Amino acid sequence: MRIARGRAGIPSEERSATFTGRVWGDPVLAAQEDVTVNAVFFEPGARTHWHSHKFGQVLYVMHGEGWLQTRAGEGGPITAGDVAHIGPGEEHWHGAARRGYLLHLAISMGGHEWLEPVSDEEYARAVEGGS
């Protein structure tokens, strides 16, 4: 057993290489055995690039509102209290709504593959078409 007090002892950092907009990641636990747990904070309109996880991902929305979209067009708005399960290898993106911040806990299992950015057009089509 291990009890972590607060964060994993690693400082929050702004992420940019695999995100559009300003996003901060805060490791909750140090990565171990192909599992990472991060609190991720998105400014309005910020989002991940398309990506997938070898064994899947769980998102727990802690604050605000955002969007989750799969390559197949499934998904929709996410708000505080929602829990999303993304299947193994499923290409997807997630991020904040246009006018609000989003904070979610991301539990990622297995390695991940980062793909291309979500275009402004893809983002607008998803968010405006679903709101």
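Predicted, not measured: the structure shown is a model, and the values here were computed from it. Position 1 is the first residue of the sequence; numbering continues from there.
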Over all heavy atoms of both residues, which pair between [X] and [Y] is shortest? Give the atoms and the distance, please.
X	Y	answer
Ala39	Val28	N-CG2, 3.7 Å
Ser108	His53	OG-CE1, 3.5 Å
Met109	Gln57	CE-N, 3.7 Å
Pro27	Asn38	CA-OD1, 3.1 Å

* To do: Sequence neighbours left out, what passes ring pair (Phe, Tyr, Trp, His ring centres under 6.0 Å) with His63? Give chain and number order.
  =>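 His63 satisfies ring pair (Phe, Tyr, Trp, His ring centres under 6.0 Å) with no residue once adjacent residues are dropped.
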* Partners meeting ring pair (Phe, Tyr, Trp, His ring centres under 6.0 Å) with Tyr101 (sequence neighbours left out) -> Phe41
Would you call [X] and [Y] a side-chain contact if the rule is heavy atoms closer than 4.5 Å?
X	Y	answer
His94	His104	yes
Met62	Leu105	yes
Arg98	Pro44	no

* Determine, using the 4.5 Å side-chain heavy-atom cutoff (strictly less than), whether Trp93 and Trp114 are members of one ILVMFWY cluster. =>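 No, it is not one cluster - the side chains of Trp93 and Trp114 are not joined through contacts under 4.5 Å.
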* To do: Establish whether Val40 and Val37 are linked, either directly or via other cluster members, by ILVMFWY side-chain heavy-atom contacts under 4.5 Å.
  => no
* **Nearest-0.5 Å distance, CD of residue Glu122 to OG1 of residue Thr20** =>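 Between atom CD of Glu122 and atom OG1 of Thr20 there are 10.0 Å.
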Which pairs would a plain distance check flag for residues 78-89, meaning a side-chain donor or acceptor within less than 3.5 Å of a matching protein atom at least two apart in sequence or in another chain?
{"residue": "Asp82", "atom": "OD2", "partner": "Thr79", "partner atom": "N", "Å": "2.8"}

* Asked: With Trp67, which of Leu102, Val118, Val127 fulfils side chain to side chain contact (heavy atoms under 4.5 Å, CB included)?
  -> Val127
* **Reference residue Trp50; test side chain to side chain contact (heavy atoms under 4.5 Å, CB included); the match among Thr18, Leu115, Thr70** => Leu115
* Output field: ring centroids Trp24/Phe42 closer than 6.0 Å -> no
* Asked: Using the benzene-type ring in the case of Trp, are the ring centres of His92 and His49 under 6.0 Å apart?
  ->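 For His92 and His49, the ring centres are not under 6.0 Å apart.
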* To do: Answer yes or no: is there a donor N or O on one side and an acceptor on the other, between the side chain of Gln69 and the main chain of Gly73, under 3.5 Å?
  =>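 Yes.
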* **Carboxylate-amine/guanidinium contact Glu90 Arg71, below 4.0 Å** =>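 Here Glu90 does not pair with Arg71 in a salt bridge, since their nearest N and O are not under 4.0 Å apart.
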* Asked: Would Arg15 and Asp26 pass as an ion pair if we require N to O under 4.0 Å?
  -> no
* Are Arg47 and Tyr123 in a cation-pi contact, defined as NZ or CZ under 6.0 Å from the six-membered ring centre and within 45° of the axis? -> yes
